[in-house]
Structures are given as structure tokens and as C-alpha cells.
Amino acid sequence: MQTEIMLIRIDLILETIGAIIAFAISHYANTAYKLTREKRLSDLSTGFLVLSVSMFGRVIGTIYFFVLADASGSGEALSLRNIVIIAYEALRIMAYALFALSTRRGVREYENNAPLMLLALPGLIDPNLEMIAIIVLLVVVLQALINYASNRSRFALYVVIGFLFLLLSHIFLIFSFNEYRGYILSQLSQFLGLIALLVMLIKAGR
Amino acid sequence: MNRKRPYRSKMRILVDMMRAIQGEGEEGAGPTKVLYAANLSHDRLTQYLEELVEKELVIEKDQGGEARIYSLTEKGRDFLVEFVRIERFSEAFGIEI
């Protein structure tokens, strides 16, 4: 029980820091959109904002769940927990879909948008929202890789690393059922991914 | 064989013009200099120069007679610095501006 509580505390701290980083990136992307009026920057900003909201929501929901579970017993707390989990996953998928949309290459330069077409593969109806998140994030990572391959900028490399770690965090989460190590790896991976994006933001701003 | 020129957004054109003006330093640049450095037609040049002056990014100095010289304002210099940062950020995500 002590280990679980300690894990949850670390998890919430990492999630909170990650949410703040996502918000900072959203804010900068919005500033860039206001200056340039490039719509894809607005989509990127919204994506990171949704990601930030989902992470803050999970932190607040988890804290509330544990307070409620303490105060009133298991029934109400369990249903709230399920709501928090579903809302969190749905918002993350929405955020990743916005990343996929905003980071797609222009039609002029890249007619055969194979990564985005992965989203149209039939039969990907899976009750486990994690799988959907992984598939959407895979598209985002592929697009980021293609971008890095074409311009070889170190800022693009940070973006690849960031999204790759986010993808890994979801993959680790699949192996985390009844296994704490998978869960810890997942949270660390997510945190590292957002740190990579923060490093890009700081270095690009110099 | 004709090489297709890459499409430039209006923002990109304005930035190219400002960089051309900045490149001339304190002395400023005349319209012809900006025209060739930014690779523009004359109509576009006039239209965009007016826009830059209106937005107070560039200042027009009258050198007497018909000669006009353009220099960056403080606001224009700050804009260019910020644009470079935004350009790096956007290109990291594969977004061209």
C-alpha cells in the first residue's frame, strides 16, 4: 500500500510538470499563430492545450478519487475513476489527432501522405482506447521522422524524440496491467517526451 | 528547363523584404535594392512597402527629390528576432510559414 501511494504521488508530480510543459508549448504555438496566421500552428496549439487539460484533469480526478474513496467507500469513487480514465484517454487521442493534422506535410510537397492514411485502416475498432492512441501517435511520430529526414534540423530531432517517448509511454502502459514497472516506465517515458519538447522550445527561443 | 519557384507566403515575402532592408544597415535601402534582394515585382513591392510602413515595422526617409530610403524601426528589428524563433519552432514540427 505504501509503495502504491508513493508511486501515485510521483506519478501525479510528473503528470503535473508534464501538463505545465504542454501548456507552455500551446501558449508559444498560439503566439506564433497570431503572428503568422498559419492555421496549422493554431491546430498544434489546440492539440497541446487539450493534452495539458487531459493531464491536469487526470491529476485532479486522481486526487479527488483518492479523497472520495477515503471518505465514502468504493462505489462512487469507482465510477468517478472510470469517468476520469475515459475522459483522459479520449482527450489524449483528440490531442494526438490534432498533432497528426497540424504536422502533416503540405499537399504540394508530399502528395502520397501514407502516414496519415494509416488512420483509414479498417477494423481498428478496439475497446481499449490505448490502442487508438498508439495508432494516432504512430502517425505523428512518422510525420515527425519524415520532417526531420527532410530538414535535418536539431529542433526537428527534439520533436521526433519527444513524440517517440510519448508513443513509448502508451506502449509501456499496455504491459503495465498488474505490473508496476510497466506503469513507472510509462510515466517516465511520457515525462521525458515532454522534457524533449521543452528543450526544443527553449533552444528555438534563443 | 524552367525550375518551379517554391511558393512564398505573404508573411515570408514581408520578412524577406525586411531582411533585405536590414542587410543595408543604418543607411537603409532604396526600393530597387529591396526589389532585387526580395525578388519581387514592382507592384507587389509598392503594396508591401506601404504595408510595412503602416505597421511601423519600417520607416520611410525622404532623401530629397524622388529618392526614398527605408530602414527598420525598433519594432521591425524585434519582429525579425521573434520571427526567427517562430520559424525554428514551426519547422521543428514540419510547419512552413
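Quick note on labels: first sequence line is chain A, next is B, and so on, each numbered from 1.
Taking B:Glu82, B:Arg85, B:Glu91 one by one and counting their heavy-atom pairs under 4.5 Å with chain A, the maximum is reached by B:Arg85. Ranking A:Val160, A:Asn151, A:Leu44 against chain B, the residue ahead of the rest is A:Leu44, based on heavy-atom pairs under 4.5 Å.
For A:Phe163, the part sitting under 4.5 Å from any heavy atom of chain B is the side chain, from C-beta outward, and nothing else. With a threshold of 4.5 angstrom between heavy atoms, A:Ala144 does not approach chain B through any atom at all. Contact annotation for A:Leu157: neither backbone nor side-chain heavy atoms come within less than 4.5 Å of a heavy atom of chain B.
With a 6.0 Å radius and a threshold of 12 heavy atoms from other residues, nucleotides or ligands, A:Phe23 has its CZ atom at or below the threshold. Applying the 6.0 Å contact sphere to CD1 of A:Ile17 captures more than 12 heavy atoms from other residues, nucleotides or ligands. The neighbour count for B:Glu51 CD, taken as heavy atoms of other residues, nucleotides or ligands under 6.0 Å away, is above 12.
If you take CD1 on B:Ile95 and OG1 on A:Thr103, they are separated by 7.0 Å, rounding to the nearest 0.5 Å. Here OG1 of A:Thr36 is found 10.0 Å from CZ of B:Arg12. Values are rounded to the nearest 0.5 Å. Atom OG of residue B:Ser90 and atom OH of residue A:Tyr28 lie 8.0 Å apart, to the nearest 0.5 angstrom. Distance CD/A:Glu38 to OG/B:Ser9: 7.5 Å, rounded to 0.5 Å. Note that CZ of B:Phe93 and CG of A:Asp43 are 13.0 Å apart. Values are rounded to the nearest 0.5 Å. In this structure, the separation between CG on A:Leu41 and CD1 on B:Ile86 is 8.0 Å, given to the nearest 0.5 Å.
Residues B:Ala92 and A:Asn147 come closest through the heavy atom pair O-ND2, 3.1 Å. Across every non-hydrogen atom of B:Phe89 and A:Ala204, the tightest pair is N-CB, 4.1 Å. What you find for B:Arg88 and A:Lys203 is that their closest heavy atoms are NH1-O, 3.5 Å.
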